Amino acid sequence: MGLIRNVNVRNAFLLGGLCSISYLSVYFARNILGTVTPQMIESGLYTAEYIGKVSSLYFIFYAVGQLINGILGDKIKARYMISGGLFFAAITNILFSRLSAYPNVSMIVYGMTGFFLAMIYGPMTKVVAENTLPAHAVRCSLGYTFASFFGSPLAGIVAAVLVWYDVFAVGSSALFVMAVACFVCFLIFEKKGIVKYNQFDKPKEKNGGNIKILIEQKIVRFTLISILTGVIRTSVVFWMPTYIAQYLGFSADMSATIFTFSTFIISLETFIAIFIYERICRSMDKTILLMFMLSTLFFSLTYILKIPVLNIVCLTAGIMCSNGAATMLWSIYCVGLRDTGMTSGATGFLDFVSYVAAAISSIVFANAVDGIGWGNLILVWTALMVIGVIISLPYDKILGREVKW
C-alpha cells in the first residue's frame with residue numbers, strides 16, 4: 001500500500017506541476033494587458049475606452065471559448081487541447097502588440113487570444129480529476145489556482161523592467177515554450193499510464209438526465225457564485241492599475257509596482273482559503289459564506305477610507321476574500337464533479353458565465369468611471385459581494401429542507 005500511495009503522490013506531483021506551470025504562463029500572458037494599460041495610454045497610441053473594448057472582447061471570446069472548449073475537452077485528449085491552445089495563443093498575443101496601426105484588426109486578434117487560452121482550463125481540470133486521488137486532485141487544483149492568481153504580479157514584475165510591447169513578447173515566448181513542453185510531457189504520461197482518458201464517462205441519459213445530475217450538484221448556485229467572483233477576480237483586477245493611477249493619484253510606474261505587490265499578496269489567498277476550509281470552517285458552503293462576508297466588509301472600508309495606503313490594503317483584502325470564494329468553486333467544487341463524467345464541460349460552462357459577466361462589467365466599469373466616478377464604483381463592487389452573501393446563506397437549514405438551486 002505504501003508503494004502504491006507513493007506512486008500516486010509522485011504521479012499527482014508530476015501532473016499537477018505541469019498543469020500549474022502551464023497555467024502560470026496562461027495567466028501571465030492574459031494579465032499583461034491590464035498591467036501595461038497605463039503605459040499604453042501614456043504612449044498616446046491607445047485610449048482607455050479602446051483598451052476597455054479590447055478587454056471586453058477578449059472576455060467574450062474567452063467565455064465562448066470556455067463553453068465550446070469545455071465540451072470538446074470531454075472528447076479530445078488534453079495533450080492536443082492544452083498544447084494547441086498555448087501554441088496558437090502565443091501567436092495571436094504577439095501579433096496584437098505589433099498591430100497598433102490597425103486597431104480593429106488588433107482587437108479581433110486579441111479576442112482570438114482569449115479563445116485559444118480558453119482551451120486550457122476545462123481539459124486540465126478533467127485530466128487531473130480523473131487521474132489522481134480526490135485529495136491529490138484538490139492539491140493539484142490548488143497549485144494551478146495559485147498560479148492563476150500569481151500571474152498578475154509576475155506580469156507586473158516584467159512590466160516594471162520592460163516597455164509594454166516587449167512584455168507581450170515575453171508572454172508569447174512563455175506560451176510557446178509551455179506548448180511544446182505540454183505536448184511532450186503528456187505524450188510521455190500517456191505512454192507510462194500516468195494519464196488515461198474517459199475513465200468516468202457515463203452513458204448519455206435521455207430527458208435531460210445529465211442536466212438533472214448537475215442540478216443535484218447545485219450547479220445553479222455555483223453559477224451565480226462564478227458570475228460574482230468572476231467580475232472581481234477578472235474585471236476589477238484588470239482595472240486595478242488604472243484605479244491606482246487615476247483615483248489614488250500615483251504615476252504609471254508606481255501604479256505598476258503597487259499592483260505587482262498587491263496581486264502577489266492576493267495570490268497567497270489560495271492557500272489561506274484552503275487552510276480556512278480544512279482547519280476552521282470544515283465546510284465548502286461555510287467557507288464561501290465567510291469569504292463573501294469579509295469581502296463585503298473590506299470593499300466597504302475601501303469606500304470609506306481615502307488614505308491611499310489604507311485604501312489599497314482594503315481593496316486588496318476585498319479582492320482576496322472574493323477570490324477565496326472562487327477557490328472553493330474551482331479547487332473543491334469542480335474537481336468534485338469527477339464522477340459525473342462531465343468535469344470539463346461543467347467547468348467550461350462555469351468559466352463561460354464568469355467571463356461573460358467580466359466582459360459586460362469591463363465595459364460598464366470603463367464607462368462608469370466618467371459617469372459616476374471611482375468612488376461610487378466601489379459601492380457597486382460592495383453590492384456584488386452583498387449578493388454573494390445572500391446566495392451563500394444556508395437555505396436548506398433555514399427552510400428545513402434540501403435546496404438544490
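All figures in this text were calculated on a predicted structure; none of them were measured in a lab.
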**Asked** Is Ser354 reaching over with its side chain to a backbone N or O of Leu350, donor-acceptor style, under 3.5 angstrom?
**Response** no

**Message:** Checking the side chain of Ser25 only, and the main-chain atoms of Ser22 only, is there a donor and an acceptor separated by less than 3.5 Å?
**Reply:** yes

**Request:** Indicate yes or no for a side-chain donor-acceptor contact from Thr302 to the backbone of Leu315 under 3.5 Å, with no hydrogens or angles considered.
**Result:** yes

**Request:** Drop me the distance from Trp164's CH2 to Thr37's OG1, to the nearest 0.5 angstrom.
**Result:** 10.5 Å

**Asked** How far apart are the C-alpha atoms of Lys196 and Glu130, what are their side-chain angles, what is the distance that settles it, and do they pass the side-chain contact (heavy atoms from CB on, under 4.5 Å) test?
**Response** CA-CA 8 Å; Lys196 299 177 182 178; Glu130 293 187 349; over 6 Å; no

**Message:** I'd like to know if the side chain of Thr263 reaches the main chain of Ile266, judged simply by a donor and an acceptor atom lying under 3.5 Å from each other, with no hydrogens or angles considered.
**Reply:** no

**Request:** Could you tell me how the ring of Phe96 sits relative to the ring of Tyr110: parallel (under 30°), tilted (30 to 60°) or perpendicular (over 60°)?
**Result:** tilted

**Prompt:** With no hydrogens and no angle check, is any side-chain donor or acceptor of Asn69 less than 3.5 Å from a backbone partner on Gly65?
**Reply:** yes

**Message:** Between Ser361 and Ser235, is there a side-chain donor-acceptor contact under 3.5 Å, judged purely by atom types and distance?
**Reply:** yes

**Request:** Report yes or no: is the cationic atom of Arg282 (NZ for Lys, CZ for Arg) closer than 6.0 Å to the six-membered ring centre of Tyr277, at no more than 45° off its axis?
**Result:** no

**Request:** Decide if atom CZ of Phe271 counts as having more than 12 heavy atoms of other residues, nucleotides or ligands within a radius under 6.0 Å.
**Result:** yes

**Asked** Under 3.5 Å, side chain of Ser20 to main-chain N/O of Gly17, donor-acceptor pair present?
**Response** no

**Asked** Can you name the one residue among Leu86, Ile21, Val177 that meets side chain to side chain contact (heavy atoms under 4.5 Å, CB included) with Cys182?
**Response** Leu86

**Message:** Centre-to-centre under 6.0 Å for Tyr27 and Phe150, is that the case here?
**Reply:** no

**Request:** Spell out, as yes or no, whether a donor-acceptor pair under 3.5 Å connects the side chain of Asn311 to the backbone of Lys306.
**Result:** no

**Item:** Arg30 to Tyr62, cation-pi by 6.0 Å centre distance and 45° axis angle
**Value:** yes

**Message:** Using a strict threshold of under 4.0 Å (side-chain N to carboxylate O), is an ion pair present between Arg139 and Glu278?
**Reply:** yes

**Request:** Compute the centroid of each ring, for Phe61 and then for Phe115, and state whether the two points are separated by less than 6.0 Å.
**Result:** no

**Prompt:** Of the non-hydrogen atoms in Ile82 and Ile120, which two are nearest, and what is the gap between them?
**Reply:** O-CD1, 3.4 Å

**Prompt:** With distance as the sole test, does Arg233 use its side chain to make a donor-acceptor pair with the main-chain N or O of Ala326 at under 3.5 Å?
**Reply:** no

**Request:** I would like to know whether Leu294 and Met385 meet side-chain contact (heavy atoms from CB on, under 4.5 Å); could you show each step before the answer?
**Result:** CA-CA 9 Å; Leu294 290 174; Met385 296 300 94; over 6 Å; no

**Item:** Chi angles and distances behind the side-chain contact (heavy atoms from CB on, under 4.5 Å) call for Ile319, Val237
**Value:** CA-CA 8 Å; Ile319 295 172; Val237 171; 3.8 Å; yes

**Request:** Grab the two heavy atoms, one from Thr47 and one from Ile41, that are nearest each other, plus how far apart they are.
**Result:** C-CG1, 4.2 Å

**Message:** Quick check on Tyr247: does its OH atom have over 12 non-hydrogen neighbours (other residues, nucleotides or ligands) under 6.0 Å away?
**Reply:** yes

**Prompt:** Just by modelled atom types, is the Ala159 backbone N or O under 3.5 Å from a matching donor or acceptor in the Gln39 side chain?
**Reply:** yes

**Message:** With rounding to the nearest 0.5 angstrom, report the CD1 to CD1 distance, Ile288 to Ile332.
**Reply:** 9.5 Å

**Request:** In sequence, state the C-alpha distance, the side-chain angles, and the governing distance for Leu337 and Tyr333, and then conclude on side-chain contact (heavy atoms from CB on, under 4.5 Å).
**Result:** CA-CA 7 Å; Leu337 296 174; Tyr333 177 75; 4.0 Å; yes

**Asked** Do you see a donor-acceptor pair shorter than 3.5 Å between the side chains of Ser172 and Asn93?
**Response** yes

**Request:** State whether the number of non-hydrogen atoms from other residues, nucleotides or ligands found under 6.0 Å of Met107 atom CE is greater than 12.
**Result:** yes

**Message:** Counting the benzene-type ring for Trp, do Tyr303 and Trp381 have ring centres under 6.0 Å apart?
**Reply:** no

**N/O donor-acceptor pair under 3.5 Å between Ser295 side chain and Gly318 backbone** = yes

**Request:** Take Tyr50 and Ser106, measure what side-chain hydrogen bond (donor to acceptor under 3.5 Å, both in side chains) needs, and give me the verdict at the end.
**Result:** CA-CA 11 Å; Tyr50 175 77; Ser106 71; 2.7 Å; yes

**Asked** Under the criterion side chain to side chain contact (heavy atoms under 4.5 Å, CB included), which of Thr125, Asn323, Thr270, Asp351 is the partner of Trp330?
**Response** Asp351

**Message:** So which atom in Ser262 and which in Met240 form the shortest heavy-atom distance, rounded to 0.1 Å?
**Reply:** CB-CE, 3.6 Å

